Amino acid sequence: MMSSLSKLLHLVQLLVGNALGDPEVKAFLEGKRFPLDRLSEGKKLFDEAQGVVVRGEVARGRKMTLTRMLQEFFLGLREEMRQLRFALRTALRERRDLLARVGISIRIPRRGKAEPTASDPAAKPEDAPTPSKNPWSTVERLVSGGRAMIRVALDEPEILAAVEPYGFTKEDLDGFLAKLDELERQDRDQEGAKGSRQVATSELHAIERRVRNWYFPWRDRIQGAVRGKPEFLVKLGISA
């Protein structure tokens, strides 16, 4: 859409600029009593459209930048949180009640069935104790699930003591909460940028319609006025 608008504005620029700025073309049109003063409407519309294009480019660039920043921050934080989750699961493996409190569940072998070993060719992944799937596929899920998990851990001394040997202290968990707040802020900013981009796109569509509605009728009028002057048609951006 931006490409078609850019081409259209280029044609408006040729039409108006050379009709008013080229002495030969202008004199010829004046001799035909062509209403050149009305072309100032096209110049104003061109200037307005240029402003809309600039705003659209700014909105597009901001959305792209914030989206990239959000994605990078989200993936980095999710990996850190995954490591914390793994530490909790490992440290509290024998305390399923505490695991449940931090939102982690594991499956255990069915009663009477021995755990398979790596050398057992009949071993199946579902037979072994396995962690629940990582639920943090979106920013919203990471923020809500991560906060709930960390707040429980911070409120339970036994959980804090269990994960400390794995390199996670109270200060680390407080830091995770701060990062989750930052992730939520970046997500809001990115959503705002998406909204601004949508508004800018609507404005671009609207200004393109207005430019089209102005340009084509006036192009046809000038084309009729300079009939028999192919060199003028070229200058005005109209096919001879």
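Worth saying up front: this structure is predicted, and the values here are computed from it rather than measured.
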* Stepwise side chain to side chain contact (heavy atoms under 4.5 Å, CB included) check, Val53 with Leu9 -> CA-CA 10 Å; Val53 169; Leu9 290 178; 4.2 Å; yes

* Structure fact -> Closest non-hydrogen contact found for Leu45 with Ile207 is CD1-CD1, 4.0 Å

* Asked: Are there more than 12 heavy atoms of other residues, nucleotides or ligands under 6.0 Å from atom CD of Glu94?
  -> no

* Derivation of the salt bridge (Lys or Arg N to Asp or Glu O under 4.0 Å) call for Asp22 and Lys26 -> CA-CA 6 Å; Asp22 186 284; Lys26 184 179 180 181; over 6 Å; no

* Any donor-acceptor pair under 3.5 Å from Ser40 side chain to Asp37 backbone -> yes

* Quick one: do Glu184 and Arg147 make a salt bridge, cutoff under 4.0 Å? -> yes

* Is any NZ, NE, NH1 or NH2 atom of the basic residue among Asp189 and Arg185 found under 4.0 Å from an Asp or Glu carboxylate oxygen of the other? -> yes

* Under 3.5 Å, is there a donor-acceptor pair between the side chain of Asp172 and the main chain of Thr169? -> yes

* Asked: Should Lys194 and Leu66 count as side-chain neighbours, where that means a heavy-atom distance under 4.5 Å?
  -> no

* Taking only residues at least two apart or on different chains, which pairs with a member in residues 63-74 satisfy side-chain hydrogen bond (donor to acceptor under 3.5 Å, both in side chains)? -> Thr67-Gln190

* Structure fact -> Heavy-atom nearest pair, Leu180 first then Leu142, reads CD2-O, 3.9 Å

* To do: Heavy atoms only: give me the nearest Trp136-Arg85 pair and the separation to one decimal.
  => CH2-CD, 3.4 Å

* Asked: Quick one: are Leu8 and Phe216 in side-chain contact, heavy atoms under 4.5 Å?
  -> yes

* To do: For residues Tyr166 and Leu84, determine if any side-chain heavy atom of one lies less than 4.5 Å from a side-chain heavy atom of the other.
  => no

* Asked: With distance as the sole test, does Arg89 use its side chain to make a donor-acceptor pair with the main-chain N or O of Ile104 at under 3.5 Å?
  -> no

* Asked: Taking side chain as C-beta onward, heavy atoms only, is Leu15 less than 4.5 Å from Ile238?
  -> yes

* Asked: Does Glu191 pair with Arg188 as a salt bridge, N-O distance under 4.0 Å?
  -> no

* **Non-hydrogen side-chain atoms of Arg82 and Arg78 separated by less than 4.5 Å** => no

* To do: Return the minimal non-hydrogen interatomic distance between Ala153 and Leu173, and the atom names on each side.
  => CB-CD1, 3.9 Å

* With sequence neighbours excluded, residues passing salt bridge (charged side-chain N to carboxylate O under 4.0 Å, His left out) with Arg210 -> Glu48

* **Steps toward side chain to side chain contact (heavy atoms under 4.5 Å, CB included) verdict (Leu154, Ile159)** => CA-CA 8 Å; Leu154 286 170; Ile159 297 177; over 6 Å; no

* **Which atom of Ala162 lies closest to which atom of Ala91, heavy atoms considered** => O-CB, 3.4 Å

* Kindly state each residue pair satisfying side-chain hydrogen bond (donor to acceptor under 3.5 Å, both in side chains) with at least one member in residues 211-230, sequence neighbours excluded. => Glu208-Arg212

* **Lys179 vs Glu80 side-chain heavy atoms within contact, under 4.5 Å** => yes

* **Shortest non-hydrogen contact between Leu29 and Ala225, atoms and distance** => CD2-CB, 3.9 Å

